[in-house]
Amino acid sequence: MEDSRRGLTSTPQSRKIMVIADPTRESAAALQYTLSHAVLEQDELILVHVENNGGTWKNAFSSFLRLPSSISSSSSSSSTSGSSPGAANANANANTAIAASSLASEIGQGEGNFLEQMKRICEIAQPKVRVHTECITMEGIKAASILLHGDKLGVDVIIIGQRRTISASLLGSRRPGGSLRGPKGVDTAEYLIENSKCTCVGVQKKGQNGGYVLNTKTHKNFWLLA
């Protein structure tokens, strides 16, 4: 009976998870949440940066993300140690937490290609997950460009860092007739949450150990402990 039940157990389906990548603390928090809570080893992780009007993003930002040496050393030491499967899983979880935490705390320091730095951290935190980066040119409005690219890739989940204001919390991003534009422009995260065909998660980091506040189309201000 047990064998027949095992035969009915299906392998988890691979998902495409798109994270909106920018050299900001909000984007770092989104990636931190993704690495520690959202992505599974069979998933594909796509880091997408939206370039503003064809500008050269490599020179556009005055500060970038660097990969802390403590993460590299912890990863190499765990991979070379002859540990048991249980200990290996514990080490993997620890590395994920260390990498994600360092990402959030070290953003804005050092120099380099921040997309590649983020990719390297993903590969260290989740070595079995397929990770690649893409840089797309914004056409019109950032939110619309993200939705079009997400549809093109066939993504299952979009994750974006979110900085909520009092007005956004009270009014939301809905406009009469579904218009993208409002009096002060578009809140990208809010618009994606409300209009994405797939699940979109807005992520806010609440302090170093305060967990996350998550927003989706059906769940608002959901508190998730770190």
Side-chain angles (χ1 to χ4, degrees), residues 12-13 15-50 65 68 71 89-108 114 118 121-122 124-126 129 131 142-143 146-147 150 155-175 182 184-226:
Q13 187 175 3
R15 301 173 299 165
K16 288 186 177 180
I17 299 178
M18 185 168 76
V19 178
I20 309 306
D22 295 299
T24 63
R25 294 190 181 277
E26 288 77 24
S27 182
L31 188 54
Q32 180 180 357
Y33 161 78
T34 302
L35 293 173
S36 58
H37 291 85
V39 72
L40 302 174
E41 65 180 28
Q42 71 269 12
D43 293 335
E44 178 181 355
L45 186 57
I46 309 168
L47 308 179
V48 175
H49 175 67
V50 182
L65 177 68
I71 299 180
N89 290 335
N91 286 335
N93 291 336
N95 285 337
T96 300
I98 292 171
S101 177
S102 296
L103 170 65
S105 63
E106 303 251 352
I107 194 167
F114 79 91
M118 286 182 168
I121 289 177
C122 291
I124 291 171
Q126 294 283 359
V129 173
V131 183
K142 183 176 181 179
I146 293 172
L147 288 181
V155 299
D156 301 289
V157 182
I158 298 174
I159 299 177
I160 183 170
Q162 189 174 23
R163 180 188 295 175
R164 289 180 69 85
T165 62
I166 294 177
S167 59
S169 300
L170 294 176
L171 301 177
S173 63
R174 293 181 180 272
R175 311 290 183 196
K184 296 184 179 180
V186 178
D187 184 299
T188 301
E190 288 288 346
Y191 186 86
L192 292 177
I193 290 170
E194 295 297 334
N195 295 278
S196 175
K197 295 178 182 177
C198 65
T199 299
C200 180
V201 183
V203 180
Q204 303 170 62
K205 188 75 167 63
K206 306 302 289 185
Q208 188 63 29
N209 299 308
Y212 306 90
V213 173
L214 308 178
N215 287 282
T216 67
K217 185 179 295 186
T218 56
H219 295 83
K220 303 299 182 183
N221 298 318
F222 177 81
W223 194 288
L224 177 67
L225 295 179

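When a residue number appears, it is its place in the shown sequence, counting from 1.
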With the side chain counted from C-beta on, respond yes when [X] and [Y] share a heavy-atom pair under 4.5 Å apart, and no when they do not.
| X | Y | answer |
| --- | --- | --- |
| Ile146 | Met18 | yes |
| Leu47 | Leu31 | yes |
| Lys220 | Ile193 | yes |
| Leu214 | His219 | no |
| Glu194 | Lys217 | yes |

Give the C-alpha distance, both sets of side-chain angles, the deciding distance and a yes or no for side-chain contact (heavy atoms from CB on, under 4.5 Å) between Ile160 and Cys200.
-> CA-CA 8 Å; Ile160 183 170; Cys200 180; 4.2 Å; yes

Hey, what's the ring geometry for Tyr33 with His37, parallel, tilted or perpendicular (30° and 60° as the breaks)?
-> parallel

For [X] and [Y], work out which heavy atoms get closest and say how close.
| X | Y | answer |
| --- | --- | --- |
| Ser27 | Ala21 | OG-CA, 3.3 Å |
| Ser36 | Tyr212 | OG-OH, 3.9 Å |
| Asn221 | Asn215 | N-OD1, 2.7 Å |
| Gly161 | Ala189 | O-CB, 4.2 Å |
| Gln13 | Asp43 | O-OD1, 4.1 Å |
| Val155 | Cys198 | O-CB, 3.7 Å |

Nearest 0.5 Å, please: how far is [atom2] in [Y] from [atom1] in [X]?
| X | Y | atom1 | atom2 | answer |
| --- | --- | --- | --- | --- |
| Lys142 | Asp22 | NZ | CG | 4.0 Å |
| Trp223 | Lys206 | CH2 | NZ | 5.5 Å |
| Thr216 | Ile159 | OG1 | CD1 | 11.5 Å |
| Ile46 | Lys16 | CD1 | NZ | 5.5 Å |

Using the test side-chain contact (heavy atoms from CB on, under 4.5 Å), find all partners of Thr199 that sit at least two apart in sequence or belong to another chain.
-> Val201

Show the numbers, then the answer: is there a side-chain contact (heavy atoms from CB on, under 4.5 Å) between Leu147 and Ser196?
-> CA-CA 6 Å; Leu147 288 181; Ser196 175; 3.8 Å; yes

Would you check, one step at a time, whether the test side-chain contact (heavy atoms from CB on, under 4.5 Å) holds for Leu35 with Ile121?
-> CA-CA 9 Å; Leu35 293 173; Ile121 289 177; 4.3 Å; yes

Going through the checks in order, is the side-chain contact (heavy atoms from CB on, under 4.5 Å) test met by Gln204 and Arg163?
-> CA-CA 7 Å; Gln204 303 170 62; Arg163 180 188 295 175; over 6 Å; no

